[in-house]
Amino acid sequence: MVIECKHVWDYISDYLDGTLSAEERETVQRHLEHCELCSAILDSTRNVIILTADDRVFELPAGFSDRLHARLDEELLNSNSS
Amino acid sequence: MTAPQPNPDETKNEATMIASILAGQTQLFHELIRPHERAVYRMALSYMKNEADAEDVAQEAFLKAFRNLSTFRAEAKFSTWLISITLNEARNRLRRNATMPTDSIDATPEEGGTVTPALLRDWREVPSEALERAEVKQMLQRAVASLPEIYRCVFVLRDMEDLSVNETAEALCISVPSVKVRLHRARLMLQKQLVPELKSVSTTKRRWFSWS
Ligand SMILES: [Zn+2]
């Protein structure tokens with residue numbers, strides 16, 4: 001089965017998650033072998049997801065934990081005394 | 001991109017801690033939430049868009065979690081429960097802020113039409129070391145923050161917090177097929193926005209390793 005680039009794009013997410021059926025996966029793979037456009041889109045999408053999901057992108061502000069636990073302490077003390 | 005298997009020891013440990021907290025050892029709450037601080041903060045930040053408000057929302061969410069701990073159902077995952085509390089807190093906060101533009105809250109575009117990715121012939125891998133650069137980090141933060149809400153929250157939960165499709169559906173009260181469609185769109189939207197930006201950084205700097 002031969003598919004167009006546009007249809008390959010619909011499969012990108014499932015392809016990356018490994019949730020395509022065996023048949024769909026093979027169709028996409030065969031397309032990727034000869035289509036540099038779709039291969040580059042797939043590679044860049046994977047790359048973008050990995051970078052965005054990196055813990056360093058949204059780091060906790062300095063002192064976040066200390067302030068949080070101090071505030072929780074007030075709450076915990078109140079709950080114990082009540 | 002595949003969610004890690006939940007660690008059964010961790011889940012059991014959490015259940016034991018929750019039972020102890022409810023029995024009066026409230027100090028254990030500190031320990032219970034420590035592994036979840038970052039996830040809650042990131043969820044809040046992807047909504048509030050500034051660190052001070054995000055921190056406030058995160059603190060409120062943890063306080064609410066403590067006050068409502070007795071309503072936590074053991075068959076749910078503690079992290080998923082925390083995330084939905086955070087989400088509600090962030091949404092309420094945005095609604096209360098009358099001066100905030102509300103377009104990203106209620107009038108979100110529904111799924112329809114297709115997202116066309118950025119077209120390119122070859123892609124030179126941007127290594128994770130690039131994140132040491134503040135400009136790259138900000139580029140990624142901005143891209144996530146600019147996603148319409150319905151896509152953003154799915155992306156944050158699935159790809160940043162590693163929740164499964166089912167857990168994401170549960171946390172957001174949407175169907176599993178919706179999670180999949182929205183995740184796909186979110187990923188392509190990010191690709192579309194970030195590929196040209198990342199490319200321009202990588203061509204002007206040539207080598208990622210020469211920075212420091
Ligand atoms: Zn193609």
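Sequence lines set the chain letters: A, B, ... in the order given, protein chains first and strands last, and positions in each chain run from 1.
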> Measuring from Arg56(A):CZ to Glu132(B):CD, what's the distance to the nearest 0.5 Å?
Replying inline: 5.0 Å

> What about the rings of Phe64(A) and Tyr41(B), do their centers lie closer together than 6.0 Å?
Replying inline: yes

> Which of the residues Phe29(B), Phe155(B), Phe66(B) is involved in the greatest number of heavy-atom pairs with chain A at under 4.5 angstrom?
Replying inline: Phe66(B)

> Looking at CZ of Phe58(A) and NZ of Lys137(B), how far apart are the two atoms once the value is rounded to the nearest 0.5 Å?
Replying inline: 11.0 Å

>> Could you check whether any side-chain heavy atom of Arg124(B) comes within less than 4.5 Å of a side-chain heavy atom of Asp43(A), counting everything from C-beta outward?
In response: no

Considering only distance and modelled atom types, tabulate donor-acceptor pairs under 3.5 Å from the side chains of residues 16-23 of chain B, sequence neighbours left out.
{"unit_1": "Thr16(B)", "atom_1": "OG1", "unit_2": "Lys12(B)", "atom_2": "O", "d": "2.8"}
{"unit_1": "Ser20(B)", "atom_1": "OG", "unit_2": "Thr16(B)", "atom_2": "O", "d": "3.0"}

>> On a heavy-atom basis, which atom in Leu76(A) and which in Gln27(B) lie closest, and how many Å separate them?
In response: CD1-NE2, 3.9 Å

> Taking the side chain as C-beta and beyond, is there a heavy-atom pair between Met160(B) and Val57(A) under 4.5 Å?
Replying inline: no

> Within a strict 4.5 Å, meaning less than it, do heavy atoms of the Gln191(B) and Ile12(A) side chains meet?
Replying inline: no

>> Does either side chain, that of His30(B) or that of Asp73(A), offer a donor lying less than 3.5 Å from an acceptor on the other one?
In response: yes

> Ala186(B) versus chain A, heavy atoms under 4.5 Å apart: side chain, backbone, both or neither?
Replying inline: neither

>> Would Arg42(B) and Asp55(A) count as a salt bridge (Lys or Arg N to Asp or Glu O under 4.0 Å) here? Give the steps.
In response: CA-CA 9 Å; Arg42(B) 292 207 291 194; Asp55(A) 278 350; 3.3 Å; yes

>> For a 4.5 angstrom cut-off between non-hydrogen side-chain atoms, does Leu63(B) reach Arg71(A)?
In response: yes

> Hey, mind stepping through Arg158(B) and Asp17(A) against salt bridge (Lys or Arg N to Asp or Glu O under 4.0 Å) and telling me if it holds?
Replying inline: CA-CA 11 Å; Arg158(B) 276 287 286 137; Asp17(A) 286 338; 3.4 Å; yes

> If every non-hydrogen atom of Glu59(A) is compared with every non-hydrogen atom of Arg38(B), which pair is closest and at what distance?
Replying inline: CA-NH1, 4.2 Å

> For the atom pair CG (Asp14(A)) and CG (Leu183(B)), what is the distance rounded to the nearest 0.5 Å?
Replying inline: 9.0 Å

>> Does any part of the side chain of Leu198(B), heavy atoms only, come nearer than 4.5 Å to the side chain of Asn47(A), both counted from C-beta?
In response: no

>> Does any part of the side chain of Ile41(A), heavy atoms only, come nearer than 4.5 Å to the side chain of Leu119(B), both counted from C-beta?
In response: yes

> Between Glu36(A) and Asp122(B), is any pair of side-chain heavy atoms under 4.5 Å apart?
Replying inline: no

> Hey, which of Leu51(A), Leu42(A), Asp10(A) has the most heavy atom pairs under 4.5 Å with chain B?
Replying inline: Leu51(A)

> Are Trp9(A) and Thr116(B) close enough, and set up right, to give a side chain to side chain contact (heavy atoms under 4.5 Å, CB included), and what steps lead you there?
Replying inline: CA-CA 8 Å; Trp9(A) 304 342; Thr116(B) 307; 3.8 Å; yes

>> More than 12 heavy atoms of other residues, nucleotides or ligands under 6.0 Å from CD of Glu31(B): yes or no?
In response: no

> What distance do Arg34(B) atom CZ and Leu68(A) atom CG have between them, rounded to the nearest 0.5 Å?
Replying inline: 8.5 Å

> To the nearest 0.5 Å, how far apart are OG1 in Thr45(A) and CE in Met189(B)?
Replying inline: 13.0 Å

>> Among Leu140(B), Leu120(B), Val195(B), Leu188(B), which residue has the highest count of heavy-atom pairs closer than 4.5 Å to chain A?
In response: Leu120(B)

> Do Glu37(B) and Ser65(A) have side chains that get closer than 4.5 Å, going by heavy atoms?
Replying inline: yes

> Say you draw a straight line from CZ of Arg121(B) to OG of Ser39(A); how long is it, rounded to the nearest 0.5 Å?
Replying inline: 10.5 Å

> Is there a side chain to side chain contact (heavy atoms under 4.5 Å, CB included) between Thr26(B) and Leu77(A) once you walk through the steps?
Replying inline: CA-CA 9 Å; Thr26(B) 52; Leu77(A) 287 174; over 6 Å; no

